[in-house]
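Down below is the structure, laid out as structure tokens.
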2 protein chains.
Amino acid sequence: MKTRDKILDTSLELFNEKGYGNVGNREIARYLNISPGNLSYHFSKKEDILIHLLNEFRDNNSNYYNVYHQGVPSLDAFLGLMKNIFHSQYKFRGVYIGNQFVQMDVASSGQFDYVQNASARLENFRQIFTDLVAHDYLKASESGIDFLVSFISLFGRFWIQEVFLLQTENDEEKIIRHYLKILKKQLSMFATKKGKKSIKKFSLKNFIA
Amino acid sequence: MKTRDKILDTSLELFNEKGYGNVGNREIARYLNISPGNLSYHFSKKEDILIHLLNEFRDNNSNYYNVYHQGVPSLDAFLGLMKNIFHSQYKFRGVYIGNQFVQMDVASSGQFDYVQNASARLENFRQIFTDLVAHDYLKASESGIDFLVSFISLFGRFWIQEVFLLQTENDEEKIIRHYLKILKKQLSMFATKKGKKSIKKFSLKNFIA
DNA sequence: GTCTATACAAGGATAGAC
DNA sequence: GTCTATCCTTGTATAGAC
């Protein structure tokens, strides 16, 4: 395994464990038995490591979205998509959360990418919900869709922060089932008969009460 | 005005503007024309400033909660409570978000306070919703209340982060109206006839569509 | 191309003079 | 109560060995 890849692996591990802000360059180097300068050679800034891991995370998610869009829309499939995304966010929690804080701190430079990305994400969700209405899984007016988009945006972005802020549970499966249950409940308020059946199907497959 | 108070004022201003992590001790001192050592005399750690401002923030909110609990429960009053809390969170955004950052990083020491506080907050919300059901403003089963508590917990904690992460708007009134609208919509899904009327009353008073 | 050693800047923290 | 001097840690940059 190349040093570069080892750096990325170890960094993610440390970020997940201790939080991005609490992991120093020297610590990563020490873990890998290389010199801090060597780390500098591969990634000139600490933020570069974050960015590379973040790209990995984004590629991961893009795949999940693509799979969803290639299939026939349904609430079952949508909840499956979100389940995959949640696991991905969990796996990359250190960089995902770290990035939000970096973005928040910077607050102006380089921000453009993040904001643009976020707005594309919103449009994507709007499309998904609109399709689900068209396919008779959801029954929602324009303002209902607005609400769902706002909800999924905030909920999907911050559930993982809540987990690590409150630290009341650390079984990944259990945690994600909890948040899927909330999402399920929210969607069921807009679900048609067909929609409710589709949600039920997902629940049974995934052992969600 | 005592130096100590000037430090708190200026720090909040700077934290709000640039983010807690981007404001240095030397910068605060420079702004006040005092020496970094003098700052250290008043607050030995940077985190101490954060903690003091945070207590101010908490006292603020406790007041709002007390006022609510002294009155007769209603959805109108509850939305009024949340409006006050939102403005308070906005005013202290730098320390509120900064604290989440610190809590996340620490992830073990001093965490107890935060977790305990958060769990008390949840119980409080559960009580509020239960009362609103008892007073015929909401119609919700046990699991419906669970949902509402989960929702308000995540939503109420992170809406302000979303605002400063996306940076698409910076008119405080407008922003808070937006989030109140979402909250209103969520509550209206559980509202009785009496509840909907109470929500309407709040909307009219506060110019929310 | 890959790495070590080393230096430098900036920020937080502290001891002690006045 | 105020301030200076100083220390330690962390991010970052680079000269030069292999």
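Throughout, a chain's letter reflects where its sequence line sits, starting with A, and its residues are numbered from 1.
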Do Gln70(B) and Asn66(B) have a side chain donor and acceptor closer than 3.5 Å? no
Could you tell me the separation between the CD1 atom of Ile34(A) and the P atom of dT2(C), rounded to a whole number of Å? 12 Å
Classify every nucleotide of nucleotides 4-18 of chain D by which part a protein heavy atom approaches to under 4.0 Å, writing B for the base, S for the sugar-phosphate alone and - for neither, in 5'-to-3' order. B-----BBBBB----
Polar contact flag, side-chain donor to acceptor under 3.5 angstrom, Glu13(B)-Tyr31(B): no
Asp48(B)-His42(B) side chain donor-acceptor pair, cut-off 3.5 Å: no
Using a strict cut-off of less than 4.0 Å between a Lys/Arg side-chain nitrogen and an Asp/Glu carboxylate oxygen, indicate whether Asp146(B) and Lys185(A) qualify as a salt bridge. no
Between dA10(C) (P) and Ile28(B) (CD1): distance, integer Å: 18 Å
Once you measure the plane-to-plane angle for Tyr20(B) and Phe15(B), does it fall in the parallel (<30°), tilted (30-60°) or perpendicular (>60°) bin? perpendicular
How far does the helix from dG1(C)-dC18(D) to dC18(C)-dG1(D) bend, going by the axes of its first and last five pairs, to the nearest 10°? 10°
Could you check how far NZ of Lys6(B) sits from P of dG1(D), rounded to whole Å? 14 Å
Using the benzene-type ring in the case of Trp, are the ring centres of Tyr96(B) and Phe57(B) under 6.0 Å apart? yes
Please find out if less than 6.0 Å separates the ring center of Phe78(A) from that of Phe129(A). yes
Can you tell me if the side-chain N/O atoms of His42(A) get under 4.0 Å from OP1 or OP2 in dG1(C)? no
What integer distance in Å separates Leu39(B):CG from dT2(D):C1'? 12 Å
Separation of dC3(C) atom P from Leu32(A) atom CG, nearest Å, is 11 Å
Atom CG of Asn22(B) to atom C1' of dG12(C): distance rounded to whole Å? 15 Å
Are Phe151(A) and Phe155(B) an aromatic pair by the rule of ring centers under 6.0 Å? no
To the nearest angstrom, the CD-C1' distance between Glu27(B) and dG12(C) comes to 14 Å
Name all pairs fulfilling the salt bridge (Lys or Arg N to Asp or Glu O under 4.0 Å) condition that reach into residues 79-102 of chain B, sequence neighbours left out, sorted by first residue then second. none
In this structure, how many angstroms lie between the C1' atom of dG1(D) and the CZ atom of Phe43(B), rounded? 14 Å
